Every structure is written in structure tokens, then in C-alpha cells.
Amino acid sequence: ATWSSLVPLSFSFLRFAYIAAVVLSDAELRAQWDKEVAMMSGRINRMRQALSAALQEARVPGNWECVLKQRGMFTMLPIAPEVVDKLKTKYDVFMLRTGRVSMCGFNAGNVAYFAESLKACL
């Protein structure tokens, strides 16, 4: 059995707590989970590095240290809501008006597009 086969159609918190207990208490399932978490977090970190490099390469004005300093699936970019609106309407880039963007939405094929689009909107 794999841990993903344990996920039921019901999404109650108690069910997820049960699944977590099963996965974390079984050495084989725990090893698989650890491997998958490492792959996921590694990809997010690589996308942070790629986005940072793309912003620098495009010479996007501003301080973008936040991309590498922040952790997790999201990054708060220091951009105004009006800039976010322009990104959406002119370049089909979607993110929260607060500047919060999902790092999971980036890939090697779109970080340069995002950087160039952002530069054009600033």
C-alpha cells in the first residue's frame, strides 16, 4: 500500500489525522512520504532560485531578496495592487492583489515571462 491510496473520498480532519498517524507510524510509508516532501520542497526552492535569477537577468527594478528569503509555497512580492491588475489584464498572470504568488505555479518555462511581464508593468 502507498500512503496516497489511504486518502478517502471524505475529507474530514479526523480522517486526515488518521491517515497521518498511519503514514508516520509505518517505516515504509514514512520513507515514501519523506521522499515526496523532499521532492516537493526541492522543486519550490529551485523555482525560487529560478525566479530570483530571472528577475535579476531582466533587470526588474526593485528589491527582490524576498523571493529567496521567504519559505513555503507562497511568496509576498513587494508590488502594488495596480501592478497586479496590469499583470492580469495585459499578460494573463494571476496572483493576489496583495502581491502573494504561488511558487508552485512557476516552472522553467514561465519564470522569464513573469519577470519580463513584471518589468513592463512597473
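Excluded from the calculations below are hydrogen atoms, water molecules and symmetry mates; all remaining heavy atoms, backbone and side chain alike, are included. No experiment lies behind these values; they were computed from the predicted model shown.
- In this structure, the side chain of R100 does not engage the main chain of L96 through any donor-acceptor pair within 3.5 Å.
- Tracing side-chain contacts under 4.5 Å through hydrophobic residues (I, L, V, M, F, W, Y), one reaches L24 starting from V37; they form part of the same cluster.
- Going from atom CD of E57 over to atom OG of S52 covers 11.5 Å, rounded to the nearest 0.5 Å.
- The CG atom of L55 lies 6.0 Å from the CH2 atom of W64; values are rounded to the nearest 0.5 Å.
- Within the 4.5 Å cutoff, the side chain of C104 has heavy atoms near those of the I44 side chain.
- Nearest heavy atoms, M103 versus R43: O-NH1, 4.0 Å.
- Note that the CZ atom of F94 and the CG atom of L87 stand 10.5 Å from one another [nearest 0.5 Å].
- Residues E36 and Q32 have side chains that bring a donor and an acceptor to within less than 3.5 angstrom of each other.
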Tabulate below the donor-acceptor pairs under 3.5 Å that side-chain atoms of residues 66-80 make, not counting sequence neighbours, or state none.
| unit_1 | atom_1 | unit_2 | atom_2 | d |
| --- | --- | --- | --- | --- |
| K69 | NZ | E65 | OE1 | 3.2 |
| Q70 | OE1 | M76 | N | 2.8 |
| Q70 | NE2 | M76 | O | 3.2 |
| R71 | NH1 | L68 | O | 2.9 |
| T75 | OG1 | R48 | NH1 | 2.6 |
| T75 | OG1 | R48 | NH2 | 3.1 |

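- In the hydrophobic clustering of this structure, M47 groups with M40; members are Ile, Leu, Val, Met, Phe, Trp, Tyr whose side-chain heavy atoms approach within less than 4.5 Å, directly or through other members.
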Side-chain donor-acceptor pairs under 3.5 Å in residues 114-122, sequence neighbours left out?
| unit_1 | atom_1 | unit_2 | atom_2 | d |
| --- | --- | --- | --- | --- |
| S117 | OG | Y113 | O | 2.7 |
| K119 | NZ | A58 | O | 2.9 |

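- Residues that satisfy the side chain to side chain contact (heavy atoms under 4.5 Å, CB included) test with D34, not counting sequence neighbours, are R30.
- For D85, the side chain to side chain contact (heavy atoms under 4.5 Å, CB included) test picks out R97, with sequence neighbours left out.
- A distance-only check finds no donor-acceptor pair linking the side chain of D26 to the backbone of V23 [under 3.5 Å].
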